[in-house]
2 protein chains.
Amino acid sequence: MDQSPPRNTSVTVADVAHKAGVSKATAARVLGGYGTVSDRVREAVTAAARALDYRPNELARSMTTGRSGTIGVVVGDIENPFFSLAVRGITDVARQAGFTVILINSGEDVPAEKAAIRTLLAKRVDGLIVSPAKESDVEHLREAIRSGLPLALLDRGSDTLDVDTVIADDRHAAEGVTRRLIALGHRRIAYLTACDTPDHRFRTAADINTGSVRRRIEGFLGVCREANLDGMEDWVHVGAVTPEHTHRMAAAMLRTPQRPTAIIASDSLIGLEVFKVCRELDLGIPGDLSLVSFHDADWTSVTTPPVTVVRQPVYGLGETAAKLLVERLNGKAGAANRIVLRTEVVDRASIADARV
Amino acid sequence: MDQSPPRNTSVTVADVAHKAGVSKATAARVLGGYGTVSDRVREAVTAAARALDYRPNELARSMTTGRSGTIGVVVGDIENPFFSLAVRGITDVARQAGFTVILINSGEDVPAEKAAIRTLLAKRVDGLIVSPAKESDVEHLREAIRSGLPLALLDRGSDTLDVDTVIADDRHAAEGVTRRLIALGHRRIAYLTACDTPDHRFRTAADINTGSVRRRIEGFLGVCREANLDGMEDWVHVGAVTPEHTHRMAAAMLRTPQRPTAIIASDSLIGLEVFKVCRELDLGIPGDLSLVSFHDADWTSVTTPPVTVVRQPVYGLGETAAKLLVERLNGKAGAANRIVLRTEVVDRASIADARV
DNA sequence: AAAGCCAAAGAGACCGGTCTCTTTTCATTT
DNA sequence: AAATGAAAAGAGACCGGTCTCTTTGGCTTT
């Protein structure tokens with residue numbers, strides 16, 4: 001009597017139709033919410049569906065409609081607060097618009113990214129949001145576009161790819177920060193980033209494949225040149241890919257006699273590690289070292305001293321990318337949008353005059 | 001000549017078969033990697049597929065095989081470092097096992113969670129990992145199980161649900177922390193959590209629907225009773241759902257004459273906010289207030305003083321849940337596993353003797 | 001009352017794969 | 001050389017929806 005329905009094999013429209021005493025086509029009209037049906041039949045079918053505990057099969061639906069109702073998202077690492085916040089922005093917009101999100105981490109590795117795109121293509125996602133690991137290596141993205149799949153780029157653009165792109169004004173932010181440090185008398189300013197080059201050494205900004213970071217370094221070097229500081233390329237350090245790497249690099253750098261008087265950290269994970277190293281080496285911030293970090297992570301306001309940061313609209317980055325993509329999915333045509341969101345320097349207490 | 005293939009409409013096995021001059025069934029055997037085919041035919045089909053830039057349609061494949069190769073993950077909020085790390089654990093294992101992940105945020109809201117499950121069921125995910133918003137309201141999960149879908153619970157269990165569950169030994173951790181505070185002479189110990197009750201007031205642990213948090217509060221209250229501290233229920237504060245809420249609650253609490261001498265923060269977001277409030281109110285840690293937080297967030301080691309925390313194996317939580325699920329998907333039968341991962345108190349410098 | 005029209009319902013193809021069942025091919029056996 | 005049997009290839013149904021095309025039935029029109 002009170003038994004649970006023994007339905008293990010799934011209930012289909014045909015089953016519902018049979019139970020309601022109508023044709024499959026009619027039941028489908030009611031359940032799919034399309035076409036025209038009389039009220040009496042509608043009720044009968046609805047009742048039958050409820051009685052049978054009918055659940056639509058989105059896969060089958062996607063099969064014929066050609067729309068899967070999903071968007072694929074490929075980011076470097078969801079564990080990084082930057083990406084988790086951006087993804088939050090994406091999922092919020094996607095859900096609102098009736099899409100679900102398939103998430104894949106690339107680990108900033110191009111082959112992994114390619115595999116991810118392939119998988120998402122096979123799953124027939126309706127659109128793609130990607131934060132490309134390397135801007136120089138986007139053939140797989142070009143292919144996706146060619147096959148007609150709407151794509152939006154997140155945080156990292158590509159000059160050769162004509163697609164919707166949402167980035168922050170990284171160059172401008174880096175310029176502002178650098179200018180300020182120079183004005184405070186700093187001459188030995190190090191820039192520390194997770195991006196890597198094949199030989200782990202930096203020569204020119206063109207070697208940096210991550211667009212956002214390349215623009216920052218370009219801004220940094222540009223302002224240095226304006227100020228007649230030469231050879232600042234030597235102060236750019238690449239390959240701070242893990243906290244351990246960062247730790248070693250920062251420690252090595254800060255132990256030399258000609259150590260930097262200021263460090264610009266390219267993300268909050270690096271900023272945090274530099275902070276830790278200063279503790280260990282008993283270097284005062286900002287007395288012995290000025291520190292500026294990209295990404296206004298929550299902890300930066302609570303350290304002693306609090307850290308001056310570049311606040312990026314991270315949630316907005318994801319939100320905007322998703323909005324652009326949804327518009328495309330709803331049929332909007334037109335040229336690719338390239339949106340640059342403003343950043344803001346949050347002045348706290350980790351920078352000061354350079355001791356001359 | 002060098003023109004890009006004008007393939008906008010998708011290439012199917014039938015197209016490949018035709019081009020290779022074989023039957024659809026044979027082409028499918030090659031492309032699907034099943035059945036038995038001669039080497040010559042295999043090569044012909046492979047060549048044709050490459051020439052046509054054939055991409056398999058996973059949807060169609062799922063249709064017949066009944067497996068979609070995806071697992072659905074429902075968590076409270078991907079923006080929370082706790083979940084983003086757990087999700088990282090899940091996605092790593094899933095990818096390894098050949099599954100992709102569909103991620104949905106519930107916002108700790110039961111209706112949203114129900115909708116998420118419905119969506120995932122419709123998308124025919126092969127399995128489900130859920131961090132239920134309320135343990136008391138799991139009818140939708142029970143239904144999913146009844147329909148034969150493997151499910152694993154993350155961080156929060158349910159006594160009434162007989163499924164694979166991975167949690168941390170929250171009760172034990174809370175007991176240890178509470179015992180230590182009491183030994184240091186603390187009597188006014190507040191527990192602060194984001195979990196809420198309908199009227200935002202706490203009466204008994206049974207009102208708390210989030211299992212992990214309920215177990216912690218039970219541990220906290222239990223040790224207090226052992227120590228003959230009565231009425232400690234009044235020191236449990238619920239509803240710290242946003243940083244702003246938390247801020248107000250902590251400030252109000254710490255401004256009273258009978259303010260707590262110690263606070264246990266139920267997650268790192270709350271711990272951070274309490275820390276900020278102490279700054280504002282010029283209360284010294286640990287001089288005026290001892291602070292312990294759950295979740296060993298990265299910043300906790302870098303504050304002044306560094307914060308004593310309960311380290312949970314967050315990545316491992318996700319990893320283990322995903323492993324259990326994958327085993328089920330590979331056909332493993334048997335009783336539900338209930339795995340309890342160990343936590344560890346990381347002693348830093350935010351707790352001290354209570355000033356009597 | 002016959003013609004005309006439109007809403008409502010039914011029949012069946014189709015999406016792109018998989019898979020069972022049948023037929024063909026070809027090497028081996030006696 | 002005819003019989004045997006396994007491997008290779010083909011034919012076509014099927015998964016669960018959507019959607020086009022056709023048929024049915026009730027109501028208006030003159």
Interatomic distance, [X] [atom1] vs [N] [atom2] [rounded to whole Å]:
| X | N | atom1 | atom2 | answer |
| --- | --- | --- | --- | --- |
| B:Met63 | D:dG16 | CE | P | 6 Å |
| B:Leu31 | C:dG16 | CG | C1' | 12 Å |
| A:Arg61 | C:dC14 | CZ | C1' | 17 Å |
| A:Arg55 | D:dC15 | CZ | C1' | 20 Å |
| A:Lys24 | C:dA11 | NZ | P | 12 Å |
| B:Leu59 | C:dG17 | CG | P | 10 Å |
| B:Arg42 | D:dA7 | CZ | C1' | 13 Å |
| A:His18 | D:dG16 | NE2 | C1' | 17 Å |

Practice task
Determine, stepwise, if the pair B:Val166 / B:Leu324 fulfils side-chain contact (heavy atoms from CB on, under 4.5 Å).
Solution key: CA-CA 9 Å; B:Val166 185; B:Leu324 290 179; 3.7 Å; yes
State whether [X] places a side-chain N or O below 4.0 Å from either non-bridging phosphate oxygen (OP1 or OP2) of [N].
| X | N | value |
| --- | --- | --- |
| A:Thr12 | D:dG16 | no |
| B:Thr64 | D:dC15 | no |
| B:Ser23 | D:dA9 | no |
| B:Ser38 | D:dA9 | yes |
| A:Thr36 | C:dA8 | yes |

Exercise for the section: Name the closest nucleotide to the B:Val22 side chain, picking from D:dG10, D:dT18, D:dG17. Expected result: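 Shortest atom-to-atom distance from the side chain points to D:dG10.
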Exercise for the section: Just compare D:dC15, C:dT18, D:dA9 and give me whichever is closest to any side-chain atom of B:Thr65. Expected result: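 Between D:dC15, C:dT18, D:dA9, the one nearest the side chain of B:Thr65 would be C:dT18.
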Practice task
Decide if atom NZ of B:Lys123 counts as having more than 12 heavy atoms of other residues, nucleotides or ligands within a radius under 6.0 Å.
Solution key: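 Count over threshold, so yes.
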Problem - Neighbour count >12 (heavy atoms, 6.0 Å) for atom NE2, B:His18 - result: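 Counting neighbours around NE2 of B:His18, 12 or fewer heavy atoms of other residues, nucleotides or ligands fall under 6.0 Å, so no.
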Handout entry: A:Asp155 and A:Ser131: side chain donor to acceptor below 3.5 Å
Key =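 On atom types as modelled, these side chains do not qualify, holding no pair under 3.5 Å.
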Exercise for the section: Looking at every strand, decide which applies to A:Arg124 at a 4.0 Å heavy-atom threshold: base, sugar-phosphate, or nothing. Expected result: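 No contact.
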Practice task
Given salt bridge (charged side-chain N to carboxylate O under 4.0 Å, His left out), test A:Arg88 with A:Asp92 step by step and report yes or no.
Solution key: CA-CA 6 Å; A:Arg88 181 66 208 255; A:Asp92 283 357; 3.0 Å; yes
Practice task
Carefully, step by step, assess B:Glu113 and B:Arg156 under the rule salt bridge (charged side-chain N to carboxylate O under 4.0 Å, His left out).
Solution key: CA-CA 14 Å; B:Glu113 183 177 301; B:Arg156 303 163 191 183; over 6 Å; no
Taking only nitrogen or oxygen atoms into account, show me every contact under 3.5 Å that the protein makes with nucleotides 20-26 of chain C, one pair per line with its distance.
none

Practice task
Could you tell me whether A:Arg124 and A:Glu58 make a salt bridge, using a distance below 4.0 angstrom between a side-chain N and a carboxylate O?
Solution key: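 No.
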